[in-house]
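For reference, the structure discussed in these notes is given below.
Only a predicted model underlies this, so the values are computations on that prediction, with no experimental measurement involved. Counting starts at 1 for both ligands and their atoms, in listed order.
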Amino acid sequence: MIWGEDIQLNNATMHPIAHASTSPAAATLTVLRLDKLHPVASGNKWFKLKFYLHLAMGSRSGVATFGGAWSNHILATAFACHQLKIPCTGFIRGEEPKQYGPTLSDARALNMRLEFLSRTDYRDKEAIKLRHPNLFIIAEGGYGATGARGAAEILQHVPDLSTYTHIVCATGTGTMLAGIANASLPHQQCIGISVMKNNNSLQQEVDALLIAGAGERVCLLHNYHFGGYAKHTNELLQFMNLTWTLHALPLDLVYTAKAFFAAQDLLAKRYFPPGAKILFIHSGGLQGNRSLPPGRLLF
Ligand SMILES: *Cc1c(COP(=O)(O)O)cnc(C)c1O
């Protein structure tokens with residue numbers, strides 16, 4: 001077993017969010033704080049990597065995966081492989097920067113071998129795999145059924161899971177959403193907030209990971225991308241600062257800020273039926289915030 005033995009995880013905590021409306025029929029929102037699981041590489045990436053790394057430990061050659069210069073997935077992989085003493089390579093999208101940003105510096109310090117690829121080369125994942133036949137390759141963002149199997153375990157951290165009617169999470173590759181939907185109960189709706197603009201293949205990619213019957217419980221929303229993947233507006237940064245001030249909840253601009261904004265917006269628009277109990281998954285991963293100039297965020 002790797003989790004709990006080689007990597008010590010803290011407990012995730014439940015964080016109820018107080019609402020201005022006190023009507024008994026109003027919806028309630030509770031946050032599952034996966035960001036509390038681990039100080040270095042927090043959040044959903046652990047869950048998604050778990051079973052890939054189990055498989056990789058059986059093979060002698062190292063692990064490789066893909067990501068950008070601020071990727072939570074790259075850093076989480078570097079950290080987990082370091083702990084498990086598995087050699088690892090990160091294929092990084094774009095030219096090697098003269099000076100590494102904090103995510104890449106941390107990954108390198110954890111002995112991840114970094115290989116920088118032009119955007120064109122990066123796109124051709126099959127060619128990269130062919131060039132490295134001995135590496136155990138994990139797809140970008142941990143996408144795949146193995147990743148979803150790990151993500152399904154997220155819901156084991158929720159006490160009284162059955163009392164929730166809706167589960168809301170940020171969605172990139174859709175692996176976490178699929179895992180959560182697979183582990184959700186028949187009366188629950190799982191709402192994925194896509195952080196990309198016009199990601200038309202997302203529904204199909206999520207569907208490919210769902211077990212029978214889970215599809216009826218999944219819904220994707222595409223209108224909370226704030227300009228596209230890793231893009232942000234001043235409104236989003238203000239919302240992040242406000243959420244920090246009101247609830248002491250740190251959000252990241254790539255994923256959780258957009259999803260939490262969506263959850264609040266849907267509440268305000270009475271998207272949820274009266275009495276709904278909403279579980280928001282704070283999927284951790286604050287790497288994207290390190291791309292901001294200092295001083296923009298209060299936390
Ligand atoms: C990677 C990531 C996601 C997206 O997960 P997918 O399984 O790719 O949809 C959501 N939230 C955070 C914080 C992440 O780092």
Which atom pairs, nitrogen or oxygen on both sides, join ligand 1 and the protein at under 3.5 angstrom?
unit_1   : atom_1 : unit_2 : atom_2 : d
ligand 1 : 5 (O)  : N44    : ND2    : 3.2
ligand 1 : 5 (O)  : K48    : NZ     : 3.4
ligand 1 : 7 (O)  : K48    : NZ     : 2.8
ligand 1 : 7 (O)  : T173   : OG1    : 3.4
ligand 1 : 7 (O)  : T175   : N      : 3.3
ligand 1 : 7 (O)  : M176   : N      : 2.8
ligand 1 : 8 (O)  : K48    : NZ     : 3.0
ligand 1 : 8 (O)  : T173   : N      : 2.8
ligand 1 : 8 (O)  : T173   : OG1    : 2.6
ligand 1 : 9 (O)  : G172   : N      : 2.8
ligand 1 : 9 (O)  : T173   : N      : 3.2
ligand 1 : 9 (O)  : G174   : N      : 2.9
ligand 1 : 11 (N) : S283   : OG     : 2.7
ligand 1 : 15 (O) : K45    : NZ     : 2.6
ligand 1 : 15 (O) : N72    : ND2    : 2.8

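Take K85 and apply the side-chain hydrogen bond (donor to acceptor under 3.5 Å, both in side chains) test, not counting sequence neighbours, and it matches no residue.
Checked by atom type, the side-chain pair H73/T65 shows a donor-acceptor distance below 3.5 Å.
Between F91 and H132, the ring planes lie tilted relative to each other; the angle falls in the 30° to 60° range. Classified by interplanar angle (parallel below 30°, tilted 30° to 60°, perpendicular above 60°), the ring pair Y122/F66 is perpendicular.
Applying the salt bridge (Lys or Arg N to Asp or Glu O under 4.0 Å) rule to pairs touching residues 203-229 yields nothing, sequence neighbours excluded.
Apart from L209 itself, the hydrophobic cluster it occupies contains Y143, where clustering links Ile, Leu, Val, Met, Phe, Trp and Tyr at side-chain heavy-atom distances under 4.5 Å.
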